[in-house]
Each structure stands twice: as structure tokens, then as C-alpha cells.
Amino acid sequence: MDEVARYLRPGTLNLRALPPLALYVHVPWCLRKCPYCDFNSHEKRGEIPEARYLDALLADLEAALPLVWGRRIHSIFIGGGTPSLVSPEGIDRLLAGVRARLPLEPGCEITLEANPGTFERQRFRGFRAAGITRLSVGVQTFDDAQLRALGRVHDAAQAKAALEEASRAFDTWNLDLMYALPGQTPAQLDDDLRQALAFAPPHLSIYHLTIEPNTLFAKHPPQGLPDDDTAAEMLDLIAERTGAAGLQRYEVSAFAKAGHRCVHNLNYWQFGDYLGIGAGAHGKLSFPHRIVRQVRYRDPAKYMDQALAGAAVAQDDEVAREQLPFEFMLNALRLKDGFELAWFTERTGLPLTAIQRPLQAAEERGLIERDLRWVKPTARGFDFLTDLQQLFLK
């Protein structure tokens with residue numbers, strides 16, 4: 001049985017329509033591996049094998065086409081690693097290759113992650129000319145001592161230069177910050193927020209530093225991490241400062257001006273589909289009777305060999321029916337406005353009865369509010385999001 005027929009055979013789910021489809025492209029190299037990073041990223045030694053990697057990406061995409069035949073791409077996100085290590089000419093070739101193989105929705109959002117350590121004015125303009133519509137700049141903090149402690153290759157001056165150019169070259173862009181850093185005080189965070197908001201970013205992503213397994217920080221934990229009370233005070237400060245700057249919090253870590261929400265990330269949170277290509281890339285694809293998760297080979301050299309041979313997928317698993325309510329809620333409950341109940345059935349192929357009990361339990365505990373159409377986390381539910389999501393675990 002060929003791959004497509006295997007996915008299309010009868011099953012227990014009933015998806016009447018397929019969700020929107022996005023494309024994620026992973027570039028695995030970076031200038032230096034940060035001690036908190038658990039992504040599939042590899043320090044580059046010498047020049048990255050750009051031409052061969054682009055060949056591999058397009059071969060990977062070509063092999064995946066039968067699985068997404070007839071579907072349009074709503075957004076593209078080029079993440080890493082440090083995708084801005086790829087030349088503007090390389091990005092142009094990649095996007096031309098994507099357009100030649102898949103139809104894009106008019107006005108398709110195309111995001112590129114950029115590290116201020118790779119900043120050159122002409123480079124950012126070259127990305128724009130290549131078809132990138134949205135830049136995401138990984139600043140993390142404007143404090144040079146903190147940047148060194150986080151293993152970042154840029155300093156505050158480079159970050160500011162990159163943000164100035166991003167605001168000139170792009171109509172919409174994102175600034176990434178982190179908080180609850182080692183030794184950080186609320187006053188220091190306030191200074192970071194002041195400097196960030198001075199650039200009037202249309203979108204701000206602010207992440208709590210977490211110590212992930214298999215990272216350098218997990219082996220050698222940094223000293224002076226703020227306690228939970230201080231981190232909560234910091235979050236209140238973030239809400240206050242962003243609100244005053246006209247940025248609305250629409251997801252746990254995301255704040256945006258009207259019309260500047262990230263389409264690609266919204267698709268994740270609304271349990272949409274995404275084809276993931278590149279070393280270690282994850283994907284989620286829906287079919288009329290099943291939902292499948294895929295993972296590409298992680299090691300860049302192995303990935304290139306496999307992709308060029310038409311076999312980039314290392315892992316391919318059907319999501320079990322009983323896991324779907326939790327998987328859906330893990331994403332949808334991150335949205336401040338919550339979700340339409342009809343989405344649950346549309347995106348999982350399950351009846352609403354599958355979540356009736358946990359919804360009732362969540363409402364009784366004051367973690368959600370709902371009507372016949374809509375479910376949204378309360379302020380308490382947003383504060384205790386993990387507890388809320390775990391009610392949907394089978």
C-alpha cells in the first residue's frame with residue numbers, strides 16, 4: 001500500500017474538512033549554541049553547506065507533495081537555529097522553489113527568524129526583496145551582561161541596529177524578549193521593556209526562561225533565578241507596560257497591535273496543519289479519518305542524505321484518538337480569547353461529548369467560561385494553564 005493510500009484508508013475519526021495548512025522550514029545551524037536552547041541547532045564550523053541544504057529542502061518538499069495535494073499554504077515560517085545565516089539569494093531560491101511546487105494564499109505571511117549577531121543592513125533588505133514579509137528578531141535582553149550569560153553572540157548595540165533596520169525594511173515584525181533571567185530584578189526587566197517598546201514593535205513575544213532537559217543550563221543550572229512570586233510580579237509588569245503601548249496579549253507569550261498577530265503561530269494554536277521540512281522538523285497533517293505527526297531526521301548531514309534520496313521522514317505516527325482532546329487543548333487554551341467549540345470537532349474529527357466532562361470540571365473550578373458557542377480561559381485559568389490543560393489528559 002503506498003503512503004497516500006495508507007493515510008486515506010478508513011479510520012475512527014471523521015474530519016469533514018481539512019484545516020488550514022502552513023509550511024515550517026528548519027535551518028539547523030547557529031553561530032553558537034545557547035545554554036538554554038533545546039531546539040535542533042548545531043554550531044556552524046566554517047561555512048554552512050547552503051546549496052546542498054537547499055537542494056535537500058526542495059527534495060523533501062517534492063517527496064511530501066502527494067500528502068498535501070490540492071491544498072494551499074496559508075503561512076511559511078523559516079526557523080532554526082539561525083535561518084538568517086542563509087544568504088538572501090538562498091532564501092530567494094527556497095521561496096521560488098516552494099512557489100513552484102505549492103499554491104500560496106494571496107498575502108501569505110512569510111516569517112524569517114533573525115539573530116542580531118548576523119545583522120547587516122543590506123542583508124535584511126535582501127530578505128525583504130526575496131519575499132520575506134515578516135522578520136522575527138531574537139533580542140532576548142538589552143543587558144550586555146545578561147546576553148553574555150545567555151550565550152548570545154550579539155550585544156545591545158547590535159540588537160538596536162537590527163531592530164531599527166527591521167522597522168525600516170518590514171511592515172510587520174516581531175521582537176523576542178526573555179524574562180526571569182538569572183539575577184534579573186523587576187527593575188531590570190522594566191528597563192528591557194522600556195527599550196523594547198521604544199522601537200514600537202508591532203508584535204512582541206516574551207518568554208519565561210525555562211531550564212529544559214539536555215541543555216547546558218540543565219547540567220550547570222544558573223544561579224539567582226527569580227522565584228515564582230518575582231516571576232509573577234514580572235508578568236504583571238509585562239501586562240501593564242505592553243497594554244500601555246497598545247499591544248494586546250492574545251496568547252500566553254504573544255502581544256500584538258491590531259492586524260499584527262502572527263498568522264503562522266495562530267495556526268498552531270488553533271490546531272491547524274503544518275508540513276515541516278528540514279533537519280529535525282516536526283509536522284502535523286490531517287486526513288479525512290486520521291491525524292498524523294511526522295519528524296524529519298535530526299542530524300543535518302544524515303538529513304541531507306536522506307532527503308536527497310527522497311526519504312527524509314524518520315518518524316511517522318498516527319495520533320491516537322484518546323490523545324486528541326489533550327493535544328487540541330494544549331494549543332487552543334493558550335489563546336486568551338479561547339476557541340469556538342465547532343473548531344474542536346472540525347480539527348479533531350471527534351464529537352463534543354469527548355470533552356464534555358473535563359469542560360464541566362474546568363468550569364466548576366473557575367478555570368474557563370463558556371457558552372454554547374465559545375470556550376475561553378478565565379484570568380485564573382490563564383494563570384494556572386497547566387492545571388487546566390491536564391484536565392483533558394486521558
Short question: side chain of [X], backbone of [Y] - any donor-acceptor pair under 3.5 Å?
| X | Y | answer |
| --- | --- | --- |
| Gln146 | Pro182 | yes |
| Thr141 | Asp143 | yes |
| Thr345 | Pro351 | no |
| Gln184 | Leu181 | yes |
| Arg347 | Gln270 | yes |
| Thr242 | Ile238 | yes |
| Asn267 | Asp273 | yes |
| Asp60 | Gly310 | no |
| Glu113 | Gly80 | yes |
| Thr378 | Gly366 | yes |

So that I know where these two stand, are [X] and [Y] an aromatic pair - ring centroids less than 6.0 Å apart?
| X | Y | result |
| --- | --- | --- |
| Tyr274 | Tyr24 | no |
| Phe328 | Phe344 | yes |
| His203 | Phe255 | no |
| Tyr303 | Tyr53 | yes |

message: Within a 6.0 Å radius of atom CZ on Arg357, are there more than 12 heavy atoms belonging to other residues, nucleotides or ligands?
response: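 Counting neighbours around CZ of Arg357, 12 or fewer heavy atoms of other residues, nucleotides or ligands fall under 6.0 Å, so no.
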message: Can you confirm whether more than 12 heavy atoms, excluding those of Asp228, are under 6.0 Å from its CG atom?
response: no
May I ask you to decide whether [X] forms a salt bridge with [Y], counting only side-chain N to carboxylate O separations under 4.0 Å?
| X | Y | value |
| --- | --- | --- |
| Glu165 | Arg123 | no |
| Lys336 | Glu251 | no |
| Asp305 | Lys302 | no |
| Arg93 | Asp55 | yes |
| Arg380 | Asp387 | no |
| Arg16 | Glu346 | no |
| Asp317 | Arg293 | no |

message: For a side chain to side chain contact (heavy atoms under 4.5 Å, CB included) check, start with the C-alpha distance between Leu266 and Trp269, then their side-chain angles and the critical distance, and finish with the verdict.
response: CA-CA 5 Å; Leu266 274 170; Trp269 299 321; 4.1 Å; yes
- request: Drop me the distance from Thr12's OG1 to His289's NE2, to the nearest 0.5 angstrom.
  value: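 If I round to the nearest 0.5 Å, the distance is 10.0 Å.
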query: How long is the span from the OG atom in Ser286 to the CZ atom in Arg71, to the nearest 0.5 Å?
result: 6.5 Å
query: With a 4.5 Å limit on heavy-atom distance, are the side chains of Thr348 and Leu15 in contact?
result: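 Result no, sub-4.5 Å side-chain heavy-atom pair not found.
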task: Given side chain to side chain contact (heavy atoms under 4.5 Å, CB included), test Glu327 with Val319 step by step and report yes or no.
output: CA-CA 9 Å; Glu327 288 223 6; Val319 182; 3.9 Å; yes
- request: Applying side chain to side chain donor-acceptor pair (under 3.5 Å) between Gln248 and each of Arg261, Lys257, His260, report the one that passes.
  value: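 That would be Arg261.
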message: For Leu67 and Tyr7: C-alpha separation, side-chain torsions, deciding distance, then whether side chain to side chain contact (heavy atoms under 4.5 Å, CB included) applies.
response: CA-CA 8 Å; Leu67 304 182; Tyr7 292 138; 3.3 Å; yes
Cation-pi geometry met for Lys284 and Phe271 (6.0 Å, 45°): yes
Sequence neighbours excluded, every pair satisfying ring-ring contact (aromatic ring centres under 6.0 Å, His included) that has a member inside residues 79-99: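 Every candidate ring-ring contact (aromatic ring centres under 6.0 Å, His included) pair involving residues 79-99 fails, so no pair, neighbours aside, qualifies.
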task: Evaluate the side chain to side chain contact (heavy atoms under 4.5 Å, CB included) criterion for residues Ile355 and Leu352: first the C-alpha distance (whole Å), next the side-chain angles of each, then the deciding distance (0.1 Å), finally the verdict.
output: CA-CA 6 Å; Ile355 52 169; Leu352 284 176; 4.2 Å; yes
